[in-house]
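See structure below.
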Protein chains: 2
Amino acid sequence: MSQSTEDCAKVILEVAPLVMRAIRTEMRRHRGPELSVPQFRILTYLNRNEGASLSQAAEHIGLALPTMSKMIEGAVSRGLASRLAHPSDRRRVALSLTAEGRKTLDRARRATEAQMTSWLQRLSDGEKRTVLEAMRILGPVFSAPPGGA
Amino acid sequence: MSQSTEDCAKVILEVAPLVMRAIRTEMRRHRGPELSVPQFRILTYLNRNEGASLSQAAEHIGLALPTMSKMIEGAVSRGLASRLAHPSDRRRVALSLTAEGRKTLDRARRATEAQMTSWLQRLSDGEKRTVLEAMRILGPVFSAPPGGA
DNA sequence: TATTGTTATACTCTATAACTATA
DNA sequence: TATAGTTATAGAGTATAACAATA
């Protein structure tokens, strides 16, 4: 009966990489100053978490600290993010998006969503409802870094 | 009305990377001779497509030819795959899994599925049904390399 | 001593360009 | 000339270990 958990697992393991491949390819395809998936995720996080520290960002996104340090270095040098000293604790750093970063994020998001929308157009309304609901179910399952479980 | 296509797109763009992060982390975690996601996908492909050529494999998995060549080189040197000359066309190569490769693939798949199963255990039967159905809807949408669309 | 970041180093995945061998 | 694959090279993303600066 509850054996369907395993079917579920199998099918996610099969389908998730296909979806990500499409997203990655699409993001890479925009010629011009576009974003990789990890860059996109970092900018998205900063957009919602003005003033976050490196550690906080790394923790949330699931990257090691030096990795995040390097990624941010790249974003700063491209003018997409700023990295200021925290006023009261000089070890820390306060990250935020620049106006340019916000603009780039928005452009990338819109382009990728538009492409994704076109892929999904062949779905019936019922199918779309099912997919939407499933994603809302899976989000919470996977957004708390499941490393701990 | 059919505006839900865009919601769908948004939510996939948000959730898919979370799922993949969990899968990647899990696959990396098995200490011992385990597999990265791309390696896993290649072995899976070879398991179902005995005797495939490099070009075929690259095309199906969505990698450039030299990338696939290098990945296969790695798998061969680890004893997981074999790369034989095609009998009638000596430019081509016939790829397959070794017994060891099949064993490794099986072990990795089982371990990752088991972990995934444990993550999904908190879902109700109805939620699992929804997720299962959604994955079966998304599979076909994304498995024809959507670069063409 | 503990925390926050950065630097050094290395490995995997990925691509494009140039090349070799076969057809 | 065209196709299948490999080699050379480069760049992104990732990690661990060692370090520096601040608390």
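Just so we're on the same page: letters track the sequence lines, and every chain starts at 1. The figures that follow rest on heavy atoms only: side chains count, while hydrogens, waters and symmetry mates do not.
When the nearest nucleotides of DNA chain D are assigned to B/L65 and A/Q39 by heavy-atom distance, the more 5′-ward of the two goes with B/L65. Summary of the strand contacts: A/S69 and B/L63 both lie near DNA chain C, and taking for each the nucleotide with the nearest heavy atom, the more 5' one is attributed to A/S69.
At the heavy-atom level, B/M68 lies nowhere under 4.0 Å from the strands shown. Residue-level contact check: A/T67 touches the bases, meaning some heavy atom is under 4.0 Å from a base atom. In this structure, A/S55 reaches the sugar-phosphate backbone alone: every heavy-atom distance under 4.0 Å involves primed, P, OP1 or OP2 atoms, never a base. Residue contacts for B/R41: at a heavy-atom cut-off of 4.0 Å it reaches no nucleic acid atom on any strand shown.
Taking atom CG on B/L95 and atom C1' on D/dG5, their separation rounds to 11 Å, with Å as the unit. When the C1' atom of D/dG11 is taken as reference, atom CZ of A/R78 falls 13 Å away, rounded to whole Å. B/R21 places its CZ atom 10 Å from the P atom of D/dA15, with the value rounded to the nearest Å. Taking atom CD1 of A/I72 as the reference point, atom P of C/dT4 lies 16 Å away to the nearest angstrom. Going from atom CG of B/L35 over to atom P of C/dT12 covers 13 Å, rounded to whole Å. Taking atom CE of A/M27 as the reference point, atom C1' of C/dT14 lies 17 Å away to the nearest angstrom. The distance between atom CG of A/L54 and atom C1' of D/dT14, rounded to the nearest whole Å, is 16 Å. Rounded to an integer number of Å, the gap from CE of B/M71 to P of C/dC13 is 4 Å.
Salt bridge absent: A/R92 and A/D89 never bring a charged side-chain N and a carboxylate O closer than 4.0 Å. Between B/K128 and B/D125 a salt bridge is recorded (basic side-chain N to carboxylate O distance below 4.0 Å). A salt bridge is absent between A/R78 and A/E100: the closest approach of a Lys/Arg side-chain nitrogen to an acidic carboxylate oxygen does not fall below 4.0 angstrom. Salt-bridge check for A/E34 with A/R107: passed, with a basic side-chain N closer than 4.0 Å to an acidic carboxylate O.
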- Task: List the protein contact pattern of nucleotides 17-23 of chain C with one symbol per nucleotide (5' to 3'): B for base contact, S for sugar-phosphate-only contact, - for none; contact means a heavy-atom distance under 4.0 Å.
- Result: B---BBS
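Among the nucleotides D/dT6, C/dC13, C/dT4, the one closest to any side-chain atom of B/P38 is C/dC13. Taking the side chain of A/S36 as heavy atoms from C-beta on, and the options C/dG5, D/dG5, D/dG13, the nearest nucleotide is D/dG13.
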- Task: Carefully, step by step, assess A/R110 and A/D106 under the rule salt bridge (Lys or Arg N to Asp or Glu O under 4.0 Å).
- Result: CA-CA 6 Å; A/R110 255 201 281 274; A/D106 224 63; 2.8 Å; yes
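Residues A/R21 and B/R41 meet the side-chain proximity criterion, which asks for heavy atoms closer than 4.5 Å. Between B/I12 and A/L120, the closest side-chain pair of non-hydrogen atoms falls below 4.5 Å.
Between the side chain of A/K70 and the base of D/dT14, a donor-acceptor pair under 3.5 Å is found.
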